[in-house]
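Report on the structure given below.
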Amino acid sequence: GEHYAMSLYLGPEGIYGFWYFEDMGPLAPPEGLLEIPQLQASFENRDGLDKKDREIIKEVGLKFRGRHAWPMFRSYRPGFAPWFVETKEARFLTHALNQLVDVAPRFKDDPSLLEPPGDESYLVRVSRQEDGTLVWEDRLMDVPPPEPSPIPIEIDPQVLEDLEQLPRSRNRLEMDFFMFPAPVQEKKARPYFPYMLLTVDAQSSMVLGTELLKPDPSLEAMWGSIPASVARQLAAAGIVPEEISVGSDLLFQLLQPLAELLRFELEQSEFLPNLHPVKELLFQTVYE
């Protein structure tokens with residue numbers, strides 16, 4: 001039941017993304033792991049490798065036998081499917097594996113090695129050039145949490161004007177935004193996971209809107225497009241609702257300006273009783 005791997009979490013976004021995921025424990029959505037930037041070296045069964053992995057192993061003349069003995073290297077980028085490492089990533093991962101070989105035996109003998117003082121302090125391996133070669137040494141470094149990335153939001157003024165002219169309705173809507181577990185690959189590019197914006201009428205359970213969004217060029221850019229997508233869905237349905245219940249804090253924050261502009265109530269709820277069965281049905285369709 002264990003996953004034999006070493007994950008290299010990239011930058012402050014990677015390490016604090018890991019801690020956030022760890023702190024959530026069993027409440028963490030599995031897809032959250034795919035939103036943490038990292039490089040991973042894992043040891044798999046032979047049938048768990050891609051054809052390209054086996055070809056590379058054969059090309060370099062290596063042989064492996066047995067369970068959890070076949071190396072696989074993957075790059076994780078937020079919103080994208082795990083993919084083959086690129087040249088720079090391979091070099092960086094090679095350095096990390098070499099330093100793991102140095103640090104792991106010392107940690108086994110002295111677990112306090114990875115318990116430096118301070119919540120933001122970490123043991124870091126740092127290199128310097130000496131006679132044309134890299135020499136590595138231990139260093140304690142502070143790694144503060146990353147600053148929140150700005151989320152630019154733009155909404156078509158004409159859509160807003162159309163919405164403002166609609167009569168107020170007594171509709172209550174449920175809305176959620178989530179990663180859709182069906183990767184999409186365009187030509188030979190890195191596959192990505194589309195994100196779905198789903199809107200359901202709370203009284204009739206009728207689906208009022210679905211839209212798949214692409215996490216490109218970044219998650220932040222995609223998040224910034226959500227208010228415009230919601231405005232289009234409301235305009236297409238021809239309603240300005242009395243209330244919208246959303247399933248995440250992110251969606252709540254993104255829709256607050258729109259709620260103030262269109263004067264509807266906005267609330268966050270951990271469970272959306274009418275939307276949840278629709279979401280489950282969508283996921284069931286994918287997994288079948």
Side-chain angles (χ1 to χ4, degrees), residues 2-25 28-45 48-50 52-53 56-57 60 62 64 68-116 118-129 133-147 149 179 183 190-193 215 217-220:
E2 293 182 308
H3 182 53
Y4 298 91
M6 187 279 292
S7 287
L8 179 63
Y9 296 94
L10 303 175
E13 293 80 9
I15 187 64
Y16 282 94
F18 167 79
W19 286 129
Y20 178 74
F21 194 76
E22 177 82 0
D23 289 342
M24 290 189 69
E31 64 271 16
L33 184 66
L34 300 173
E35 296 181 340
I36 304 174
Q38 62 183 284
L39 302 176
Q40 191 175 111
S42 63
F43 296 89
E44 312 286 350
N45 298 330
L49 270 62
D50 189 90
K52 182 177 178 179
D53 296 310
I56 292 174
I57 290 173
V60 297
L62 297 176
F64 304 94
H68 307 299
W70 295 76
M72 185 171 74
F73 308 98
R74 288 294 183 267
S75 167
Y76 287 69
R77 294 180 186 173
F80 288 79
W83 199 237
F84 304 102
V85 294
E86 298 174 356
T87 302
K88 290 183 178 180
E89 294 173 327
R91 292 195 184 105
F92 195 37
L93 188 54
T94 300
H95 285 308
L97 289 168
N98 281 325
Q99 298 318 303
L100 177 66
V101 172
D102 177 283
V103 174
R106 293 192 282 138
F107 169 72
K108 184 177 181 180
D109 295 335
D110 180 15
S112 67
L113 183 68
L114 297 183
E115 297 177 2
D119 291 340
E120 297 180 3
S121 298
Y122 294 89
L123 170 69
V124 179
R125 295 286 287 170
V126 180
S127 66
R128 69 177 189 275
Q129 286 280 354
T133 60
L134 287 179
V135 177
W136 294 82
E137 61 185 15
D138 290 353
R139 186 180 300 175
L140 283 180
M141 295 179 63
D142 287 338
V143 183
E147 292 293 328
S149 299
M179 181 185 289
R190 175 188 292 250
Y192 65 90
F193 288 100
S218 67
L219 289 180
E220 289 78 15

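Predicted model, so just to flag it, every value in this text is computed and none were measured. Reckoned from all heavy atoms, side chains included, excluding hydrogens, waters and symmetry mates.
With a 6.0 Å radius and a threshold of 12 heavy atoms from other residues, nucleotides or ligands, Asp119 has its CG atom at or below the threshold. The 12-atom threshold is exceeded at OH of Tyr122, counting heavy atoms of other residues, nucleotides or ligands nearer than 6.0 Å. Atom CZ of Arg139 sits in a sparse spot, with 12 or fewer heavy atoms from other residues, nucleotides or ligands closer than 6.0 Å. Surrounding CH2 of Trp19 are at most 12 heavy atoms belonging to other residues, nucleotides or ligands under 6.0 Å away.
Using a 4.0 Å cut-off between charged nitrogen and carboxylate oxygen, Arg74 and Glu44 do not count as a salt-bridge pair.
Contact check for Phe193 versus Pro215: no side-chain heavy atoms found under the 4.5 Å cut-off. By the 4.5 Å heavy-atom criterion applied to side chains, Asp53 and Trp70 are not counted as neighbours. No side-chain heavy atom of Gln99 sits under 4.5 Å from any side-chain heavy atom of Leu8. At a threshold of 4.5 Å between non-hydrogen side-chain atoms, the residues Pro12 and Pro145 do not count as touching. Contact of the Tyr16 side chain with the Glu120 side chain is registered, since non-hydrogen atoms from C-beta on lie closer than 4.5 Å.
Across every non-hydrogen atom of Leu33 and Phe21, the tightest pair is N-CE1, 3.5 Å. When all heavy atoms of Glu89 and Ser75 are compared, the closest pair comes out as OE2-OG, 2.9 Å. Scanning all heavy atoms of the two residues, the minimum distance from Leu10 to Phe92 falls at CD2-CE2, 3.7 Å. Summarising the geometry of Asp138 relative to Arg106, their closest heavy-atom pair is OD2-NH1, 2.8 Å, with the distance given to 0.1 Å. Across every non-hydrogen atom of Val85 and Ala90, the tightest pair is CG2-CB, 4.1 Å. The shortest non-hydrogen separation linking Pro71 to Ile57 is O-CD1, 4.1 Å.
For the atom pair Gln38 CD and Leu93 CG, the distance stands at 11.0 Å (nearest 0.5 Å). In this structure, Leu134 CG and Gln129 CD are separated by 5.0 Å, a value rounded to the nearest 0.5 Å. Atom CH2 of Trp136 and atom NE2 of His95 lie 5.5 Å apart (nearest 0.5 Å). The distance from the CG atom of Leu123 to the OG atom of Ser112 is 10.5 Å, given to the nearest 0.5 Å. For the atom pair NE2 of His68 and CD of Glu2, the computed distance is 9.0 Å after rounding to the nearest 0.5 Å. Atom CG in Leu39 sits 8.0 Å away from atom CE in Met6 (nearest 0.5 Å).
Not counting sequence neighbours, Asp50 has no partner by the salt bridge (Lys or Arg N to Asp or Glu O under 4.0 Å) test.
In this pair, Tyr192 and Phe80 present their aromatic rings perpendicular. The plane angle is above 60°, beyond the 30 to 60° band. Using a 30° and 60° split on the angle between ring planes, Phe18 and Tyr9 fall in the tilted class, from 30° to 60°.
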Quiz item: When you look at Ile56 and Phe73, which way does the side-chain contact (heavy atoms from CB on, under 4.5 Å) test go after all the steps?
Solution: CA-CA 11 Å; Ile56 292 174; Phe73 308 98; over 6 Å; no
Quiz item: After noting the C-alpha distance and the side-chain angles of Glu13 and Ser149, does the key distance pass the side-chain contact (heavy atoms from CB on, under 4.5 Å) rule?
Solution: CA-CA 10 Å; Glu13 293 80 9; Ser149 299; 5.8 Å; no
